[in-house]
Visitor: 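Quick one: the structure is below, and I'll ask about it shortly.
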Amino acid sequence: MSNRTLRLVLGDQLSINHSWFKEPTPYVDYVLMEVHSEASYVPHHIQKIVAFFCAMREFASSLEKLGFSVRYIKLNDPSNRQSLAANIESLVSAHGYSRFEYQQPDEYRVSLELETISKKVSCKTAAVPSEHFLTSPEFFRSVFEGHKRYVMELFYRKVRERYNLLMDGDKPLGGRWNFDAENRKKLPANHTPPRPIEFARNVSDIVEMLHTEAIRSIGTLDSSRFTWPVTREESLQTLDYFCAELLPLFGTYQDAMHSEHRFLYHSKLSFALNTHLISPLEVINAAIHAFEHSKGAISLAQIEGFVRQIAGWREFMRGIYWTHMPDFKKLNFFRNTRRLPGYFWTGQTKMNCLKQAITQSLEEGYAHHIQRLMVTGNFALLAGINPDEIDEWYLGIYIDAIEWVQLPNTRGMSQFADGGIVGTKPYCSSAQYINKMSNYCSSCFYNYKEKFGDRGCPFNTLYWDFLMRNKELLERNPRIGMGYQLLAKMPEKDKKSIAQKASEVLDNIEDL
Ligand code: FAD
Ligand code: DLZ
Ligand code: SF4
């Protein structure tokens, strides 16, 4: 046996600032591998697979340039055994490594796989922290010790205090922790947000390889012009662009939706963050620096809204995931069983909001938070779709979808399939909310003001039917009491008509 060490770098562990990469160490080899098992655990968006492979290849080549010894296994390499575990086993036995090390994965499934292979290989093994996140699952659990339920706001305040983010001594800057109420504006007519930042990379070789290797994928891409940031430099440019051009109105329009403007004031940083190309602390610090030097052009409400997404929601979701896996993945509070309609894979529906959000997702691998929550997620919840199918869709379609963050957002926040672990109430609404926050309803086949008739908006009928169907489970939830108060006043015959229309809508769900 040699005295060499093999270190695994996963596709979402591309941090050059990890202590592994302080300087090249003799007798240490790093391995990155493109494998069928990771490219196929759900049908991924073609742009997601391309983004991961590009980012991994770029990272390997920058390590090599810095003098590190790197093994890079391409998907079509004849020696590739096409799973992380099988390749590690082969490498250890073929090269006689005396030690195998990996960074603790973000995802439960991969963590189990690496624990299993570590027991199997004939050498010493060690898992080290990935050094990416602001908080650990232990910190998350300590915040909520003795509490009946998780509340994001409490956790977020602890993170702000711990890292001294937007603080004035031991008080929040501006005297308030949360400026959410100022952040809910519709995009005004004739308002054009800055152009989204784009890169232009030719990825034809990867696309061709995926085709030859028969990797199933969804969505589209222009292989001569791949636009997402996949290197650290591109990620930093995306961050700079965000701070200079988008942050001044980020909070104001973060909930707005518009058919002509797909990215609005959103940062497009989620892929770079989730692959560790860039760290949450450097993103937050850069944004706070821009705020402090903006001479008032960036208000506290904008920066607070942004910091909350990363220091609050992102870390909170991770804490939920690692505290509740593997059970979380099986939760189905409403016992929903309906299949996801075909138009989730094509965008071909008369419901304009869904058409816009799905078409955009298929073309970009991206939809922003409110499109995911209040359009696709809301519809799936109201229609009673099986959460397994919904998870598979979200995990596949978005460029930033990795299970630790996708699952608590989808099954938890959006579908309430966890019965209230993530959120206090289901995020459901009728057409009223979609019309308030978007321009979708004005050119829709359906009428957002109507429940009945051929043109009645399906969201309206399904919203009331959802409340009636799930009365037993939801009636006592104080946060949705309002809906039930209105239902209590509704004449029985109206309720009957709604139930009848909703059952027609659901029977014909593929034709909406
Ligand atoms: P911005 O709007 O610019 O926000 C800045 C950053 O804040 C994001 O890059 C992200 O890192 C973080 N952030 C914001 N909201 C959340 C949140 N709820 N949870 C975690 N981080 C957040 N995000 C993912 O990264 N991967 C997913 O698979 C994912 N699935 C989602 C599924 C549903 C149903 C919902 C409602 C949200 C999901 N999100 C997911 C959160 C959010 O939609 C994306 O992080 C965001 O749209 C990414 O775009 P952006 O970088 O332009 O974000
Ligand atoms: C998403 C993805 C894809 C498509 N392909 C690979 C791959 O071939 N090799 C790899 O190491 N990682 C890949 N990833 C990311 C992983 O699926 C997974 O999300 C993380 O490695 C675990 O947190
Ligand atoms: Fe969506 Fe209904 Fe508005 Fe059409 S009318 S865009 S289906 S909410």
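Nothing fancy with the numbering, it's 1 onward along the sequence. Remember, it's 1-based here, ligands and their atoms both numbered in the order they're listed.
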Visitor: Of the protein's non-hydrogen atoms, which lies at the shortest distance from atom 53 (O) of ligand 1, and what is that distance?
Guide: S267 OG, 3.9 Å
Visitor: Show me which atoms of ligand 2 lie under 4.0 Å from any heavy atom of E34.
Guide: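 Listed by number with element: 8 (O).
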Visitor: Salt bridge or not for E403 and R109, using N-O below 4.0 Å?
Guide: no
Visitor: If the plane angle is over 60° it's perpendicular, under 30° parallel, otherwise tilted; pick one for H132 and H276.
Guide: parallel
Visitor: Taking only heavy atoms of H368 into account, list the atoms of ligand 1 that are under 4.0 Å away from them.
Guide: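 In order of number, 47 (O).
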Visitor: Which protein N, O or S atoms lie under 2.8 Å from atom 4 (Fe) of ligand 3?
Guide: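 Sorted hits: C444 SG.
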Visitor: Enumerate the atoms of ligand 1 whose separation from the nearest heavy atom of L269 is less than 4.0 angstrom.
Guide: 9 (O), 51 (O)
Visitor: I need the nearest protein heavy-atom contact for atom 13 (N) of ligand 1: residue, atom name and distance, please.
Guide: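 For atom 13 (N) of ligand 1, the nearest protein heavy atom is Q309 O, 3.7 Å.
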Visitor: Among protein heavy atoms, which lies nearest atom 30 (N) of ligand 1, and at what distance?
Guide: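 Nearest neighbour among protein heavy atoms for atom 30 (N) of ligand 1, to 0.1 Å: R372 NH1, 3.4 Å.
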Visitor: Out of F306, F263, F250, who is nearest to atom 5 (C) of ligand 1 when you count heavy atoms only?
Guide: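 Nearest option to atom 5 (C) of ligand 1, by heavy atoms: F306.
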Visitor: In this structure, does ligand 1 have an atom that sits under 4.0 Å from one of the heavy atoms of Y394?
Guide: yes
Visitor: To check your reading of the model: name the closest protein heavy atom to atom 33 (C) of ligand 1, its residue, and the distance in Å.
Guide: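 Scanning the protein heavy atoms, the shortest distance from atom 33 (C) of ligand 1 goes to N409 CB, 3.7 Å.
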Visitor: Could you tell me which atoms of ligand 2, counted from 1 in the order shown, lie closer than 4.0 angstrom to a heavy atom of G11?
Guide: 10 (C), 11 (O), 12 (N)
Visitor: As an exercise, identify every atom of ligand 1 less than 4.0 angstrom from a heavy atom of S414.
Guide: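 The atoms of ligand 1 under 4.0 Å from a heavy atom of S414 are 34 (C).
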Visitor: Which of the atoms in ligand 1, numbered in the order shown and given with their element, are less than 4.0 Å from a heavy-atom of K268?
Guide: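 Near K268, meaning under 4.0 Å from one of its heavy atoms, ligand 1 has 50 (P), 51 (O), 52 (O).
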Visitor: Anything under 30° is parallel, anything over 60° is perpendicular, the rest tilted; go ahead and classify F333 against F416.
Guide: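 Answer is perpendicular, since the angle exceeds 60°.
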Visitor: Among all the protein's non-hydrogen atoms, which is closest to atom 18 (C) of ligand 2, and how far away is it?
Guide: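 That would be E107 OE1, 3.4 Å.
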Visitor: Relative to the heavy atoms of R314, which atoms of ligand 1 are at a distance of less than 4.0 Å?
Guide: 11 (O), 20 (C), 21 (N)
Visitor: May I ask you to check if K425 and Y427 form a cation-pi contact, with NZ or CZ under 6.0 angstrom from the six-membered ring centre and within 45° of the axis?
Guide: yes
Visitor: For Y366, state whether at least one heavy atom is located under 4.0 Å from any atom of ligand 1.
Guide: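 It does; at least one heavy atom falls under 4.0 Å.
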Visitor: Is it the case that E34 and Y72 place a side-chain donor and acceptor less than 3.5 Å from each other?
Guide: yes
Visitor: With sequence neighbours excluded, what pairs up with E245 under the side chain to side chain contact (heavy atoms under 4.5 Å, CB included) test?
Guide: P194, Y241
Visitor: Taking atom types as modelled, find out whether H36 and E213 have a side-chain donor-acceptor pair closer than 3.5 angstrom.
Guide: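 A pair is found: one side chain offers a donor N or O, the other an acceptor, under 3.5 Å apart.
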Visitor: Just need the protein heavy atom nearest to atom 27 (C) of ligand 1, so name the residue and atom and give the distance.
Guide: D400 OD1, 3.3 Å
Visitor: Using 30° and 60° as the class limits, which term best fits the ring planes of F466 and F334: parallel, tilted or perpendicular?
Guide: perpendicular
Visitor: Of the protein's non-hydrogen atoms, which lies at the shortest distance from atom 8 (O) of ligand 2, and what is that distance?
Guide: V35 N, 2.9 Å
Visitor: Looking at K355, I want to see if its NZ is surrounded by more than 12 non-hydrogen atoms of other residues, nucleotides or ligands under 6.0 Å.
Guide: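 At most 12 heavy atoms, drawn from other residues, nucleotides or ligands, come within 6.0 Å of this atom.
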Visitor: Assess, by modelled atom type and distance only, whether the side chains of T231 and E58 contain a donor and an acceptor separated by less than 3.5 Å.
Guide: no
Visitor: Heavy atom of Q254 under 4.0 Å from ligand 1?
Guide: no
Visitor: Is the distance between the ring centroids of F242 and F306 under 6.0 Å?
Guide: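 That pair passes the under 6.0 Å test.
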Visitor: Does Q309 reach the side chain of R314, with side-chain heavy atoms less than 4.5 Å apart?
Guide: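 Not touching, per the 4.5 Å side-chain cut-off.
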Visitor: Show which atoms of ligand 1 fall inside a sub-4.0 Å distance from at least one heavy-atom site of M413.
Guide: 18 (N)
Visitor: Looking only at heavy atoms, which two atoms of H45 and S217 are closest? And how far apart?
Guide: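 Heavy atoms only, the tightest pair is C-CB, 4.5 Å.
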Visitor: Among all the protein's non-hydrogen atoms, which is closest to atom 14 (N) of ligand 2, and how far away is it?
Guide: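 For atom 14 (N) of ligand 2, the nearest protein heavy atom is F52 CD2, 3.8 Å.
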Visitor: Between V110 and ligand 2, which part of the residue brings a heavy atom under 4.0 Å of the ligand: side chain, backbone, both or neither?
Guide: side chain
Visitor: Could you tell me, atom by atom, which parts of ligand 2 come under 4.0 Å of a heavy atom of Y41?
Guide: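 So the answer, numbered in order with elements, is 17 (O), 19 (O).
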Visitor: With atoms numbered from 1 as shown, which atoms in ligand 2 lie under 4.0 angstrom from a non-hydrogen atom of F53?
Guide: 5 (N), 7 (C), 8 (O)
Visitor: Going by side-chain hydrogen bond (donor to acceptor under 3.5 Å, both in side chains), name the pairs with one or both residues in residues 379-388, residues two or more places apart or in two chains.
Guide: D388-R411
Visitor: Stepwise, does the side-chain contact (heavy atoms from CB on, under 4.5 Å) test hold for D465 with V505?
Guide: CA-CA 11 Å; D465 186 60; V505 166; over 6 Å; no
Visitor: Where is the tightest heavy-atom contact between A431 and N460, given as atom of each residue plus distance?
Guide: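 Closest approach of A431 to N460, heavy atoms only: N-OD1, 2.9 Å.
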Visitor: Is the contact between L395 and ligand 1 made by the side chain, the backbone, both, or neither, using heavy atoms and a 4.0 Å cut-off?
Guide: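 Within the 4.0 Å criterion, L395 makes no contact with ligand 1.
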Visitor: Looking only at distances, can you tell me whether any N or O atom of H266, backbone or side chain, sits closer than 3.5 Å to an N or O atom of ligand 1?
Guide: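 Yes: some nitrogen or oxygen of H266 is under 3.5 Å from one in ligand 1.
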Visitor: Decide whether the shortest distance between a heavy atom of H36 and an atom of ligand 2 is less than 4.0 Å.
Guide: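 The answer is no, since H36 has no heavy atom less than 4.0 Å from ligand 2.
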Visitor: Are H261 and Y253 near enough that their ring centres are under 6.0 Å apart?
Guide: no
Visitor: For ligand 2, which atoms, with element, lie under 4.0 Å from some heavy atom of I402?
Guide: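 It comes down to these atoms of ligand 2: 19 (O).
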Visitor: Considering non-hydrogen atoms of the protein only, which is the closest contact for atom 43 (O) of ligand 1, and what is the distance?
Guide: H369 CA, 3.3 Å
Visitor: How does M33 reach ligand 2, by side chain, by backbone, by both or by neither, if only non-hydrogen atoms under 4.0 Å count?
Guide: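 The backbone, only.
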Visitor: Does A367 come within less than 4.0 angstrom of ligand 1, counting non-hydrogen atoms of the residue?
Guide: yes
Visitor: Quick check against the 3.5 Å criterion: does K48 have a side-chain atom that pairs as donor or acceptor with the backbone of A401?
Guide: yes
Visitor: Does D454 have more than 12 heavy atoms from other residues, nucleotides or ligands lying within 6.0 Å of its CG?
Guide: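 No, not enclosed.
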Visitor: Check the angle between the aromatic planes of Y150 and H324 and answer parallel, tilted or perpendicular using the 30° and 60° thresholds.
Guide: perpendicular
Visitor: Starting from atom 6 (C) of ligand 1, locate the nearest protein heavy atom and write down its residue, its atom name and how far away it is, to 0.1 Å.
Guide: I310 CG1, 3.7 Å
Visitor: Pull out every atom of ligand 1 sitting under 4.0 Å from any heavy atom of L273, numbered as shown with elements.
Guide: 9 (O), 11 (O)
Visitor: Please list the nearest protein heavy atom to atom 36 (C) of ligand 1 with its residue and the distance rounded to 0.1 Å.
Guide: L373 CB, 3.7 Å
Visitor: Can you list every pair that meets salt bridge (charged side-chain N to carboxylate O under 4.0 Å, His left out) and has a residue in residues 265-290, with sequence neighbours left out?
Guide: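 Applying salt bridge (charged side-chain N to carboxylate O under 4.0 Å, His left out) to every pair that reaches into residues 265-290, excluding sequence neighbours, yields R232-E282.
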Visitor: Which atoms of ligand 1 have any heavy atom of S270 under 4.0 Å away?
Guide: 9 (O), 25 (O), 48 (C), 49 (O), 51 (O)
Visitor: Please state which protein non-hydrogen atom is closest to atom 4 (C) of ligand 2 and give its distance, to 0.1 Å?
Guide: E38 O, 3.7 Å
Visitor: Considering only heavy atoms, which of N80, D106, L210, D12 lies nearest to atom 23 (O) of ligand 2?
Guide: D12
Visitor: Going by the side-chain contact (heavy atoms from CB on, under 4.5 Å) test, name the single residue among I278, L277, V283, I197 that passes it with T238.
Guide: I197
Visitor: What class does the angle between the rings of F155 and F316 fall in, given that below 30° is parallel, 30 to 60° is tilted and above 60° is perpendicular?
Guide: tilted
